Amino acid sequence: MDFPTLIGAGIAAFVSTNIDDLFILMVFFSTPRFPSLQIVLGQYIGMGSLLSVSIAGSLIALVLPRNLIGLIGLLPIAIGIKELLELYKKGSEEDYEKLTKKLQTKKIQLPLLTVAAVTFSGGEEIGVYTALFATNNEAAAIITLISVVIVLTALWCFLAYYFVKHSFLADLFRRIGSRVLPVVLIGLGIYILAD
């Protein structure tokens, strides 16, 4: 197993499927009724749930012939193409503004559960991580991928909090993030297909 390549794939999977989470976290951190600790814990609960479902989904790969497992790489490619098409249909800045207004107008009582539910609601992560776990189903590979997610979730929380305090960086990141996402997802799918 090539650990640098596996770590790179884990980073690519996380970044490509969690760009939108960074913006959502920024909204949460900028909302006074959401304590920072509950936001971070909610993010970890949501990511843990996504990983659990993905690992369970990858167990199907144990009964499939090895040459068919690589075809799971078509999932991130399809998601990347969908994101590319959506990029041309509507602007990501409009989506961000709608999300900001929606989250700020709701009176939410349980910040931790809200953050966890919003994090879990993204379907892209399940498809991408299921494919990664299915093609890298050894215990060491799964532990490595989970470790990458744990570290990057902390980084995401830190960046979101930092960007809330330095909004000029958030605007720049928001403009380039949506354009990079489809390319990274398609590249990740090609990596899985080639593995």
Side-chain angles (χ1 to χ4, degrees), residues 4 6-55 76 79-80 83 86-87 92-93 95-100 102-104 108 110-133 142-185 187-188 191:
L6 183 63
I7 291 170
I11 292 170
F14 183 90
V15 171
S16 66
T17 59
N18 286 286
I19 294 235
D20 55 341
D21 275 0
L22 186 59
F23 302 125
I24 292 167
L25 282 169
M26 287 167 46
V27 172
F28 285 137
F29 279 120
S30 65
T31 306
R33 67 181 174 274
F34 281 78
S36 296
L37 180 61
Q38 289 197 32
I39 294 170
V40 173
L41 290 175
Q43 185 70 7
Y44 271 103
I45 290 169
M47 288 306 297
S49 301
L50 286 169
L51 289 174
S52 298
V53 171
S54 299
I55 289 171
I79 294 169
E83 292 291 326
E86 285 181 9
L87 181 64
S92 62
E93 290 186 24
D95 294 342
Y96 177 72
E97 288 169 12
K98 286 178 190 173
L99 175 69
T100 304
K102 183 178 175 184
L103 287 173
Q104 288 178 343
I108 301 169
L110 300 169
L112 183 139
L113 295 178
T114 301
V115 175
V118 168
T119 302
F120 185 77
S121 67
E124 301 142 351
E125 291 92 347
I126 292 173
V128 171
Y129 283 115
T130 298
L132 266 180
F133 290 138
I142 291 173
I143 291 169
T144 300
L145 290 170
I146 290 172
S147 299
V148 167
V149 170
I150 290 169
V151 169
L152 290 178
T153 298
L155 176 65
W156 240 230
C157 290
F158 170 78
L159 287 175
Y161 184 80
Y162 182 82
F163 286 160
V164 164
K165 302 298 181 196
H166 303 86
S167 63
F168 71 96
L169 291 175
D171 294 337
L172 174 67
F173 190 73
R174 186 179 50 200
R175 277 190 301 235
I176 64 169
S178 61
R179 289 175 179 85
V180 172
L181 171 65
V183 175
V184 174
L185 282 171
L188 185 62
Y191 161 77

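Every value quoted in this text rests on a predicted model; they were computed, and no experiment measured them.
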Residue set satisfying side chain to side chain contact (heavy atoms under 4.5 Å, CB included) with Val151, at least two apart, ordered chain then number -> none

Taken in chain and number order and not counting sequence neighbours, the residues that satisfy side chain to side chain contact (heavy atoms under 4.5 Å, CB included) with Ser52 are none

Ignoring hydrogens and geometry, is there a side-chain-to-backbone donor-acceptor pair from Trp156 to Asp21 under 3.5 Å? no

Compare every heavy atom of [Y] with every heavy atom of [X], then report the nearest pair and how far apart it is.
X: Leu132; Y: Ala13; result: CD1-CB, 3.5 Å
X: Leu145; Y: Gly10; result: CD2-CA, 3.7 Å
X: Ser36; Y: Tyr161; result: OG-CE1, 4.0 Å
X: Ala116; Y: Ile45; result: CB-CG2, 3.8 Å

To the nearest 0.5 Å, what is the distance between [atom1] on [X] and [atom2] on [Y]?
X: Phe29; Y: Phe158; atom1: CZ; atom2: CZ; answer: 10.5 Å
X: Leu155; Y: Asn18; atom1: CG; atom2: CG; answer: 11.0 Å
X: Ile142; Y: Ser147; atom1: CD1; atom2: OG; answer: 11.5 Å

Could you check Ile150 against Ile146 for side chain to side chain contact (heavy atoms under 4.5 Å, CB included), going step by step and ending with a plain yes or no? CA-CA 6 Å; Ile150 290 169; Ile146 290 172; 3.9 Å; yes

For Tyr44, the ring-ring contact (aromatic ring centres under 6.0 Å, His included) test, sequence neighbours excluded, returns none

Residue set satisfying ring-ring contact (aromatic ring centres under 6.0 Å, His included) with Phe133, at least two apart, ordered chain then number -> none

Q.
What verdict does the side chain to side chain contact (heavy atoms under 4.5 Å, CB included) test give for Leu50 and Val149, after you've listed the backbone C-alpha separation in whole Å, the side-chain angles of each residue and the deciding distance to 0.1 Å?
A. CA-CA 11 Å; Leu50 286 169; Val149 170; over 6 Å; no

Exercise for review: Taking the side chain as every heavy atom from C-beta outward, state whether Thr153 and Phe14 have any pair of such atoms under 4.5 Å apart.
Suggested key: yes

